[in-house]
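Have a look at the structure below before the remarks.
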Protein chains: 2
Amino acid sequence: MSDEEQPPSRSTYRHGGLREALLEAGIEMAREGGPDAVVLREATRRAGVSPNAAYRHFADREALLKAVSDSCLGFSADRIERELAEHPPTGPGGTPTEADARAMLRAVGLGYLAFAREEPGLFRTAYSVPDDLSHAFDPAKAGRAGRTPFQLVGIALDAMVETGAMPAARRQNAEFLAWATVHGLGMLIIDGPLRGLDDRMVDFATSRLLDMVDRGL
Amino acid sequence: MSDEEQPPSRSTYRHGGLREALLEAGIEMAREGGPDAVVLREATRRAGVSPNAAYRHFADREALLKAVSDSCLGFSADRIERELAEHPPTGPGGTPTEADARAMLRAVGLGYLAFAREEPGLFRTAYSVPDDLSHAFDPAKAGRAGRTPFQLVGIALDAMVETGAMPAARRQNAEFLAWATVHGLGMLIIDGPLRGLDDRMVDFATSRLLDMVDRGL
DNA sequence: ACGCTCTTGTGGACAGCGTACACATGGCGC
DNA sequence: GCGCCATGTGTACGCTGTCCACAAGAGCGT
């Protein structure tokens, strides 16, 4: 037995990493039940601490939820990065070709939707807290590679323009269009009318949607 | 003073229209604060009835929320119908031309997004309850004209195919693509990164998005 | 006309939640 | 070595959803 971490009891009066422990507990609850399942008291219970201790690290339940939500965006970024990693640029010197750029954008969409399907609770939680553009690059929302989902879409779109796969005139704010499209399908799949469709159907819809983006952007 | 309806007191033991009153109260709460603001006890209070009375009409809070959610979908349909009404078919005998079909689809999207912006609480509530395709035509989700939002997209898409604005091969399941796109933008506008953007910017993004759908479907 | 029954509303209770306030603990800087 | 202040505890309050036993009375069959 080490120094601290066992929920049942701890030796020191101070917890040592309570904020982290509460966040972790919150993420676990979100994973299983979405944003509504993130319960402050339960988080303190799991951390082996009294309910009020949480207030030393989070202003209120909403603040904890916000932190959990940011982490979820980070996980989403990780999933997208993983998909991107499977399509490295094929051009000379690592520069992307036009086909690479299209593959990148597609990978971002696939990763985004894969995350929604694999971790619906976290996905819902990620977008359960109102936010705005000014925080789109907040490091708290970044994945392990340090990039937020928003940045990843942007990178793919930049490659589209650089390789001529997309007219530069349409580049501005194109993040929103690509994002909205994929986000909407994600919501429809996990909570909306597409819920319960078998995987092949969902894969098909995903593919069709990404085709549409590719054609229409 | 008539027979019943005043919150403070009522003469008869029976309320007479409690289910409707609770639903109405729920809608009002959803309008102001989204799904989480739909509180069972508060609804009974507004209806001038004891908390438990609600259980004679709804199995639990979730059931009330579901009913409110369905009503919200109906309101959404109403808003879309209003937008559609502004673009009646111009062809001979009321048959739509290709341009009409495009205008119809655009009107559906515009109406959908207008609803999201005008009634964000109701919009969020509409999609806060998990659902699936088998209920897409449930009359409870229909607007005053008797058609659900899902049906309205379908109608516009049918017109697109009939007038040759869209290849028939792409018709199947195209509802999902159109819907997902517009739904995603709606979410981004009211809760996501696009929150707080001024109206002109949002209008612009909306227009660009609908262009994309038109080109890419 | 009468009484039974079934639906609808009431009253009281309970556990769980978020959160406020006063208090305890003890690690760290002087 | 001492005192401060960040961190954790205890108690309490009002609110929620929901369960149970009970009351009221509308509407039916006889």
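Each chain gets a letter, A, B and so on, in the order the sequences are listed, and its residues count up from 1. From a predicted model like this one, the values you see are computed outputs, not experimental measurements.
- Side-chain atoms of H183(A) and Y112(A) include a donor-acceptor pair closer than 3.5 Å.
- Side-chain contact annotation: R106(A) with T206(A), donor-acceptor N/O pair under 3.5 Å absent.
- Using a 4.0 Å cut-off between charged nitrogen and carboxylate oxygen, D131(A) and R195(B) do not count as a salt-bridge pair.
- Rounded to an integer number of Å, the gap from H15(A) NE2 to dG26(C) P is 16 Å.
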### CA sep, side-chain torsions, deciding dist, call: I27(A), C72(A), side chain to side chain contact (heavy atoms under 4.5 Å, CB included)
CA-CA 8 Å; I27(A) 291 170; C72(A) 291; 5.5 Å; no
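- Put simply, CZ on R56(B) is 14 Å from P on dA23(D), counting in whole angstrom units.
- In this structure, N52(B) has no side chain to side chain donor-acceptor pair (under 3.5 Å) partners at least two apart in sequence or on a different chain.
- When every heavy atom of P35(A) is checked against every heavy atom of R61(A), the shortest pair comes out as O-NH2, 3.1 Å.
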### Task
Go along nucleotides 15-20 of chain C 5' to 3' and tag each nucleotide: B for a protein heavy atom under 4.0 Å from its base, S when only backbone or sugar atoms are that close, - otherwise.
--BBBB
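- The CG-P distance, from L64(B) to dT16(D), rounds to 14 Å in whole Å.
- The side chain of H57(A) places no N or O atom within less than 4.0 Å of a non-bridging phosphate oxygen (OP1 or OP2) of dA6(D).
- Residue Q172(B) qualifies as open at atom CD: its count of foreign heavy atoms under 6.0 Å is 12 or below.
- Terminal axes of the helix from dA1(C)-dT30(D) to dC30(C)-dG1(D) (five pairs each, C1' rotation axis) are separated by 10°, to the nearest 10°.
- We find that CG of D36(B) is positioned 15 Å from C1' of dC15(D), with the value rounded to whole Å.
- Between F115(B) and F75(B), a ring centre-to-centre spacing not shorter than 6.0 Å is recorded.
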